[in-house]
Amino acid sequence: MADIPKKYKHHDVEDKWRQQWEDWGIYRWDESLPREDTFVVDTPPPTVSGSLHVGHVFSYTHQDLIVRYQRMKGKNIAYPMGWDDNGLPTERRVQNLLGIRCNPHLPYDPEWKPIRKGKKDTSIDEVSRRNFIEACGVVTEEDEQAFEHLWRHLGLSLDWTDQYATIDDHCRKISQLSFLDLVEKGEVYNVESPTMWDIDFKTAVAQAEVEDRPRQGLFFDLRFGVEGGGELLIATTRPELLGACIAVVAHPDDERYQSLFGKFAITPLYGARVPILAAEHADPEKGTGILMVCTFGDAMDVEWWKHSGLALKQIIGRDGKLLPAAMGEAPFESVDADKARKAHDELAGLYVSKAKKRIAELLAEDGSLPGWDGPALVGEPLPTDQMVKYYEKGDRALEFVPTRQWFIRILDHKDELLAQGEKIQWHPDHMKSRYSHWVEGLNQDWCISRQRYFGVPFPVWYDVGTDGEPDFSRPIYAEAASLPVDPLTDTPPGYTEDQRGRVGGFAAEPDVMDTWATSSMTPQIQSHWGVDDERHAKLFPMDIRPQAHDIIRTWAFYTIVKAWMHSGEIPWYHVILSGWILDPDRKKMSKSKGNVVTPDDLLVEYSSDAVRYWAARARLGTDTAFDPGVFKIGKRLSTKIFNASRFVFMQLDRAVDDGGMPGVDQITDPLDLALVDRMRTVIEQATKAFDSFDYATALQVAEDAFWSFCDHYLELVKLRSYAEEDSPGRRSAVAALSWSLRTFLRLLAPFVPFVTDEVWSWRFAADGRPSVHTTSWPTVDEVAAVDAPELDGTYDAAVEVLTAIRGAKTTSQKSLRWPVARLVVAGPERYLKALEPVLDDVLRAGNVDAGGLQLEDGESPEGHRFAIEAELAEEMGE
RNA sequence: AGGCGCGUAGCUCAGUUGGUUAGAGCGCAUCCCUCACACGGAUGAGGCCCGCGGUUCGAGUCCGCGCGCGCCUACCA
């Protein structure tokens, strides 16, 4: 029998159990068991290039609480670890950390090694694509180790033997299989079309990655000429796009412009002749009610242009600078070509913001058309608040640039995707509306191609036509058996490497897939869809997808899209949404605000159990304030578990020595029966809560009961359990203590896994089932043999009298051990009856002289059962 | 501008299908070293449950209208 330690030292205990769990391997998935015995988690793969954040600790703890409960319910847990390392965040981090940029035209340098640059070294080296990708691999591996360390420290019961990374061969293969399957099903296409484009990252982005940011803009009032005489006044915030103006439009019902429809306007400065047309999207209330359409100022321009049949005037390049357009030539015709070219020469090569300033000057100086007096710009520009689209990770506004991109058809399937959302259970339920609203509001197909490097390549080549250019209408797809492939180094079926880039040969698709194209496949990545049918059947659809609510429109949505397209199924039965951590000012915690606390510090200062406790108190979907006070409560709970267990085991040891192990069938004393009865309710409530993923309620129920157990029951039963001789009363007490503790440890094990397993190991660990985490969740059946209490309210009556006795001592500034000479308890008969069977325990706990007890019939005072009077003894006594 | 959520003690939050006197912890005050625990314990003081109307015998809870906060969509003329 192991000695029971005296003091709780959380660092030692937690270090010991982390290692023990690893040695036992108790968190591994058993591949041999059937699906119905298995609980499958679609673990969120963290973006490894992001920083470690308390938010991670928060939401991953939520998953682990549910997982640990399910494990104790007897489920075979599939809880792997994934890493999202591919994609733009990694590239950006690598660029900053190593001071490098990818230049895809450079040859591979096998000698080159990634080296971290000091903060002051701002030089930038260009490296080849392959060197760049290798550097990404090195950096992400370091980052993954930092995450793994944190996860292990926190006590997440992940299966570390089952890992994946979104850039690894397996994930590349699944991603490419997914792509080919969608090609086969006709759900993917490539097209050249104006796309939202980030000018810094120089890549297309998808609707889901775009956010609106408020910006202070300026309204410029510009005079346009009207062919045949007259003028128009047009208000615009983007005068720099004047050269790309293709039309002027007003609302068809707008009386002011009826006479102009069908005529032509002449743009100032550029002198271009553009039609004046009616368009529904023009709002007569805004500006002057008439506006210029440019290619492209906004999404509306794109939409309208697509149906207009008008020629494109591309003016912004992929780098965000104004192109040196061939002014004066069709389609850039002008009434004064020389003037137009001269003006545009001033603008070409400038970024949008600079060009805006410059053209405003040009328009203010002159910009006029023949026959005008005065400049084209009227008055001073007026400030206006506008919302501008940005790539969520970008620093400068998006532009619409025509490029060739791959898209997945989602606009055609809104109804089906909404129906899939209905089949999934969302926790909390109201989060489902976020999904439906997003699906209903979709206005673009899903753009999955990115003009980047560290990502999964498309398994695609193109025929090279007689002009030496790739023929994008004739893609060559890889064969499924050859995956994963990299078209830049691998050759398409039926070709040889020397045909690369040659007429009659092939050319690689240079783009890579967006990260979401891969992470939307996490269930299939884990189940080995298309690779191992047996494994897939055992893991798919999964049980839960835990995630944060801000990525419903991306991760949840895309995963639902893919599962539906590939197999017509939902990817999981439940989505579990965690909230955010807010700082004490109720703002979302973020690095830029400098209010981020590092998780490691917290774990060291308060213990992993304490930090888990804090996370567990937050209900699903609810944002939570970062509150160090709650860590302290968690730490106190751990300490309490430790100390209360010491007491129980000391009594248990004595009872075992005197007469063998007490069983629940020996619980006979009225107070103990009342305790067991309360425990039945606790077990039922905690189980019910956990079954609906409501870990917070399960914790609250168990924790409240545990504190009551310590503060009241232990005090009431203590002296009976101290009895020198073995007796039915003592055995009843010890049996009740032992079973209750066994139950509390299991109820609390998901929340504070370290201290509970430590305590469990002292006396409860059985051969073959060494850990509390692999024992079974408590059930009321365990105490089926224990009688129900004869009377209701016994426990509460005892607590009330004991509390009153303590109150009397406290107000008299006496120790709680001080003897009570006289105790008068007055109340209705039914309460006195409930109290009677436990009076002995109460009197002992309160150190009341049995001769001084008086029970009287009487009324209950407000909010109480009894009127209680306690008269303390004169002397402390021995 | 639409949608979703929230508003309860100084703070962080619970409050089942409406049902007597609205709960907990932290913090605060006062007291207590009692053989599980001073990394503790006891006791206590703190609430127009955001506002206004309505339904009801009865509303923190249901309905309507406001106000405030957060988030998600939309909004570059």
Side-chain angles (χ1 to χ4, degrees), chain A residues 4 6-10 212-215 217 219-220 234-238 241 248-250 281-283 286-294 296-301 384-389 397-398 428 430-438 440-441 443 549-550 552-553 579-580 582 584 586-588 614 617-619 621-630 632-633 635-636 638-651 685 696-697 700-701 703-704 707 710-711 714-715 718 722 802-818 847 861-864:
Chain A
I4 295 172
K6 278 208 149 149
K7 283 272 179 193
Y8 179 50
K9 291 177 183 152
H10 69 78
D212 291 339
R213 295 184 198 162
R215 198 169 72 172
F219 256 128
F220 298 83
I234 288 194
T236 179
T237 58
R238 301 210 60 179
L241 298 180
V248 166
V249 300
H281 75 268
D283 180 356
K286 262 188 168 177
T288 53
I290 187 160
L291 60 133
M292 64 173 187
V293 177
C294 303
F296 298 95
D298 61 23
M300 211 57 238
D301 287 347
T384 175
D385 294 322
Q386 50 180 186
M387 295 298 278
V388 181
K389 285 187 194 309
L398 292 171
H430 66 80
M431 288 291 179
K432 183 165 68 186
S433 64
R434 299 245 183 132
Y435 174 81
S436 345
H437 286 153
W438 176 252
E440 283 160 8
N443 56 34
H549 55 67
D550 54 335
I552 289 175
R553 68 177 184 172
W580 281 332
L582 308 174
R586 310 258 81 195
K587 295 281 189 295
K588 189 184 172 189
W614 161 74
R617 292 236 312 197
R619 300 182 124 68
T622 308
D623 297 344
T624 297
F626 179 81
D627 182 359
V630 181
K632 289 185 192 160
I633 304 168
K635 198 172 170 186
R636 225 163 50 117
S638 305
T639 309
K640 200 69 175 175
I641 290 170
F642 185 96
N643 287 317
S645 301
R646 287 189 67 221
F647 168 75
V648 171
F649 286 143
M650 282 159 67
Q651 307 313 318
Q685 289 177 346
T697 296
Q700 195 181 339
V701 166
E703 189 194 6
D704 287 353
W707 282 105
C710 293
D711 294 343
L714 287 190
E715 294 304 325
K718 210 178 228 177
Y722 282 157
L802 181 63
T803 300
I805 295 169
R806 287 165 172 169
K809 295 177 183 180
T810 299
T811 43
S812 314
Q813 309 197 348
K814 295 287 191 286
S815 119
L816 292 179
R817 218 174 36 166
W818 200 273
N847 197 12
E862 285 275 303
H864 295 275

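Here is the naming used below: chain letters follow the sequence lines, and residue numbers restart at 1 for every chain.
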| Can you check whether A:Lys7 has a side-chain N or O nearer than 4.0 Å to OP1 or OP2 of B:G40? | no
* Asked: Contact class for A:Ile552 (heavy atom, under 4.0 Å): base, sugar-phosphate, or nothing?
  -> nothing
Across every strand shown, the nucleotide meeting Watson-Crick or G-U wobble geometry with B:A74 (both distances under 3.5 Å) is none
Look at A:Thr803 and B:U43 and indicate whether a side-chain polar atom (N or O) is within less than 4.0 Å of OP1 or OP2. yes
Quick tally for nucleotides 20-27 of chain B: nucleotides whose base has a protein heavy atom under 4.0 Å get B, sugar-phosphate-only ones S, the rest -, giving -B---SS-
Next item on the list: Please check if the side chain of A:Thr622 supplies one atom and the backbone of A:Ala618 the other of a donor-acceptor pair under 3.5 Å.
Entry: no
Requested in this report: Would you classify A:Cys294 as touching base, sugar-phosphate or nothing, given that sugar-phosphate means primed atoms plus P, OP1 and OP2, and contacts are heavy atoms under 4.0 Å?
Outcome: nothing
ring-ring contact (aromatic ring centres under 6.0 Å, His included) filter on A:Phe219, not counting sequence neighbours, yields none
Under 3.5 Å, is there any donor-acceptor pair linking the side chain of A:Lys635 to the base of B:C39?
no
Using a 4.0 Å heavy-atom cut-off, does A:Ser638 contact any base of the nucleic acid, only the sugar-phosphate backbone, or nothing at all?
nothing
- Message: Please verify the inter-ring angle class for A:His549 with A:Trp580; under 30° counts as parallel, over 60° as perpendicular, anything in between as tilted.
- Response: tilted
query = Contact class for A:Lys809 vs. all strands (heavy atom < 4.0 Å): base, sugar-phosphate, or nothing?
reply = nothing
Counting only side-chain nitrogens and oxygens, does A:Lys9 get under 4.0 Å of the OP1 or OP2 atom of B:C39? no
Select base, sugar-phosphate, or nothing to describe what A:Tyr8 touches, counting heavy atoms under 4.0 Å on all strands. base
**Prompt:** Contact class for A:Phe649 (heavy atom, under 4.0 Å): base, sugar-phosphate, or nothing?
**Reply:** nothing
* Base, sugar-phosphate alone, or nothing: which one does A:Asp283 contact when heavy atoms must sit under 4.0 Å apart? -> base
Does B:C32 have OP1 or OP2 sitting under 4.0 Å from an N or O in the side chain of A:Thr810? no
(message) Under 4.0 Å, counting only non-hydrogen atoms across every strand here, what does A:Arg238 touch: a base, just sugar-phosphate, or nothing?
(response) base
When both distances are under 3.5 Å in a Watson-Crick or G-U wobble arrangement, the nucleotide paired with B:G51 is B:C65
NA contact type, A:Ile805, heavy-atom cut-off 4.0 Å: base, sugar-phosphate, or nothing? nothing
Checklist entry - Is A:Trp818 touching bases, backbone alone, or none of the nucleic acid, heavy atoms closer than 4.0 Å? => result nothing
Scan A:Thr639 against the nucleic acid and name what it touches under 4.0 Å (heavy atoms): base, sugar-phosphate only, or nothing. base
How about NZ on A:Lys632, more than 12 heavy atoms from neighbouring residues, nucleotides or ligands closer than 6.0 Å, or not?
no
- request: Give one of base, sugar-phosphate or nothing for A:Asn847, where a contact means two heavy atoms less than 4.0 Å apart.
  value: nothing
- When all nucleic acid strands are considered with a 4.0 Å heavy-atom cut-off, which category describes A:Glu703: base, sugar-phosphate, or nothing? nothing
Which of B:A36, B:U34, B:A77 is nearest the side chain of A:Thr236? It is B:A77
Q: Using the P atom as the reference point in each nucleotide, state the distance between B:C62 and B:A45 in Å, no decimals.
A: 31 Å
